[in-house]
Amino acid sequence: MTEKNEKIKVDHLTKIFGSQINKAQELLSEGKSKAEILAQTGSNVGVDDANFTINDNEIFVIMGLSGSGKSTLLRMFNRLIEPTSGTIFVDGENIMQLDKKGLLELRRKKMSMVFQDFALLPNRTIIENAAFGLEVQGVAKTERDKKAHESLEMVGLKGYDNSYPNELSGGMQQRVGLARAITNDPDILLMDEAFSALDPLNRREMQNELLELQHKLHKTIIFISHDLNEALRIGDRILMMHDGDVVQIATPEDLLTHPKNDYVKKFIENVDRSKILTAGNIMVKPNTINIEKDGPKLALRRMNQDQISSIFVVDNDKHFLGLIDADDVSDLIKNNERDLHKILNTNVPTTSSDTAIAELFAQISKSPVPFAVIDDEKHLEGIILRSTLLEAISSNTSEGGNDNE
Amino acid sequence: MNNLFAILSGIPAIPLAKWINSFVAWLTGFAGFFNALTAGIGAILDAIQWVLDLFPAWLFIILILILTWFILRKTKHWGSMLFELLGLALIWNQGYWHDMTQTLTLVLATSLIIIVIGVPLGIWMAKSHTVNVIIRPILSFMQTMPAFVYLIPAVALFGIGMVPGVVASVIFSLPPIVSMTCLGIQQVPADLNEAAVSFGCTTWQKLFKVELPLAKATIISGINQGMMLALSMVVIASMIGTMGLGSLVYFAVGRNDAGAGFAAGIAIVILAIILDRLSEGLSGSNQNKKDN
């Protein structure tokens, strides 16, 4: 990862629910399991010693099944839930030490939250809902309505200012929830399973919208999800939680290609990998010949060695030129010619390394030759064979990735 | 077994009544406090009575009709208005007008006091588990104790007349408004509470911007129930000199006059229906806005 500004730092954060917290903490430090602690003290370990940082302007997805502690973790950022121990730094400031006033400021100016079931006030109009955060801050009505109106427009809700929440569909209601959160212009958005209550089509649309919005607004977004496809789609980085523990923090690609343990492996088993993996992830190193140096005999020998029927052709600068076929090379040798340009097949499908492999399916099934993966300057980076593609989408995760970094 | 009964029957009667009497007697020691309370409640009653007496009957009926039209404008209200017109006209025709305004004064004063005491108490109960545990059995006790019983200490502490009637009514009709307020606040969805806090609401902002508006319909139902209970107290309260429609019924009982008793009783029913419609309408208008 490139160097990025650290926005939030979580340091040894632990939350224990129950009455015998001290004892539970002691047992936890002795390395007892959560089940043992629950049996002995009746206390539940929600989050166990979480340590991580969240960068400025990234979408950080906290991912886990229900009961994994992800909602608890999220609610400690704005102290809706008070941590048992540990600290959270936001912009270098220890928010555990904030007094009542400081905490209100933090919630009003720095962080806004979006809720799973929207949490709109049913007795208020859309614009009154969207302006709620500013109303709480004591901003004058005309000004807060103006800002609320702007953010409603930004989330694609124009003309509904005076409707009531129950007159809107779920997707639209969550747009209001999102508008309410951005009206305050906070640095950080806390999104608690924000799209989980929506139907799949709406969810997808909202995910796109969030990505678009993020493109414009550059917030730091902490997004809770139990849907791995969602996490992989929108997350810059993903934190996997299991049973209160942070299991792995990785980029979507890393998570798929290098799952840290069996739990993560099991989790990613059912992912639609074709939408996540890119051409760059699965491409293999091709056998090439340099058209400016190598002759047909060398080409034929290389093909024989590797038992392939065609070979990719580059120039001195490794620019991708095309493909030559073994039969054509044989003909060339028979005719005692040397110029490979004559038999060069330039009709080879190309793609860039960040294309999702789902997009390659239709073409690759039609194309008799492999795909060439090229960069912006037409350098050949790798090739994709039909077999590699099929292998990649099969659920055998540990083999799926190709180490080409 | 027989032995046990023998032992039990051997226990002398616990002087429960005596204890309570000495408690009431002890309370009468705070005459200053109770006199001040009497004066305060008396002032509220006088003020309400004065306002009600300000209008002649015909004008009062028109004002009630206008009020109804405003409160129930979202729903069908012509039936209610016709009923009010005929009902109030009947009361006027029967010569019960002044008695009706006295009863109305008692009910309105009681309602006012139970709102002022009951709503904050209900909020406090919703917020504090300890308060809830302490108050709830007291409320049950207040409501299940036969209403007659309250009259006795009320007379001892507040004398005869309207004021002890109001005090007994308040005790009897306070519980529903407290528990309904508590319920209304507790029913506010958890995520709305979280939303309020996450956007930086103070405790008071959360109460006034989120909890009370959402609990409004439930609280108004509580007020409505309290009002109906207060109305049910008017006949009982008439035994200690509270004047109004209740006293007409009470006197009719004494004279064995079924006709007069029913006539006054019907007037109470009419008043009850009107008050019920209007107070329900207050919560209903809110409901409509949401359900449009």
Side-chain angles (χ1 to χ4, degrees), chain A residues 71 74-75 77-82 98 100-125 128-139 162-167 176-177 180-184 186 188-194 197, chain B residues 71 73-75 119 122-123 126-130 133 180-181 183-223 279-292:
Chain A
S71 288
L74 185 78
R75 279 164 174 70
F77 287 115
N78 59 359
R79 283 172 61 186
L80 281 182
I81 293 178
E82 291 289 342
L98 290 175
K100 232 177 170 177
K101 217 172 142 196
L103 186 59
L104 279 188
E105 275 306 286
L106 177 86
R107 288 170 176 165
R108 288 176 176 181
K109 302 271 167 71
K110 250 197 180 137
M111 297 183 182
S112 291
M113 198 159 172
V114 182
F115 293 84
Q116 177 170 11
D117 293 315
F118 325 134
L120 301 177
L121 295 167
N123 55 331
R124 288 167 169 247
T125 60
E128 284 168 349
N129 264 294
F132 183 73
L134 293 179
E135 182 188 328
V136 169
Q137 293 177 31
V139 175
N162 296 313
S163 305
Y164 284 87
N166 66 342
E167 298 165 7
V176 181
R180 175 174 65 180
I182 60 177
T183 303
N184 285 14
I188 300 163
L189 288 180
L190 305 173
M191 304 187 67
D192 183 19
E193 303 236 15
Chain B
I71 291 177
R73 66 185 178 283
K74 294 258 165 109
T75 50
V119 173
I123 294 170
K127 301 273 173 188
S128 160
H129 180 70
T130 319
V133 168
M180 291 293 262
T181 303
L183 181 73
I185 300 277
Q186 283 177 338
Q187 270 178 344
V188 172
D191 60 344
L192 283 177
N193 268 316
E194 277 193 329
V197 176
S198 77
F199 280 95
C201 278
T202 61
T203 312
W204 289 106
Q205 280 179 324
K206 182 162 83 112
L207 183 65
F208 285 108
K209 287 181 191 294
V210 177
E211 292 173 311
L212 283 180
L214 288 173
K216 189 178 144 201
T218 315
I219 294 174
I220 289 176
S221 312
I223 295 173
S279 58
E280 269 297 302
L282 281 176
S283 66
S285 60
N286 173 53
Q287 207 65 40
N288 275 328
K289 207 161 88 183
K290 279 196 285 184
D291 294 343
N292 266 337

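In what follows, chains carry the letters A, B, and so on, assigned in the order in which the sequence lines appear, proteins first and then strands, with residues in each chain numbered from 1. Just so it is clear, the values below take in all heavy atoms, side chains as well, and ignore hydrogens, waters and symmetry mates.
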Heavy-atom pair count under 4.5 Å with chain B, highest-scoring of Asn78(A), Leu106(A), Leu80(A)
Leu80(A)
Chain B contact via [X] - side chain, backbone, both or neither, heavy atoms under 4.5 Å:
X	value
Arg180(A)	both
Leu121(A)	both
Asp117(A)	both

Measure the spacing between [atom1] of [X] and [atom2] of [Y] and express it to the nearest 0.5 Å.
X	Y	atom1	atom2	value
Asn123(A)	Lys216(B)	CG	NZ	8.5 Å
Cys201(B)	Arg108(A)	SG	CZ	7.5 Å
Leu214(B)	Arg124(A)	CG	CZ	9.0 Å
Lys100(A)	Thr203(B)	NZ	OG1	5.0 Å

For the residue pair Arg107(A) and Val197(B), establish whether any side-chain heavy-atom pair is separated by less than 4.5 Å.
yes
Kindly indicate whether the side chain of Phe199(B), heavy atoms from C-beta on, has any atom under 4.5 Å from the side chain of Glu135(A).
no
Between Gln205(B) and chain A, which part of the residue has a heavy atom less than 4.5 Å away: side chain, backbone, both or neither?
side chain
Specify the closest pair of heavy atoms between Phe115(A) and Ser198(B), including all atoms of both residues, with the distance to one decimal.
CZ-OG, 3.7 Å
Least distance between heavy atoms, Leu120(A) atom then Leu192(B) atom:
O-CD2, 3.3 Å
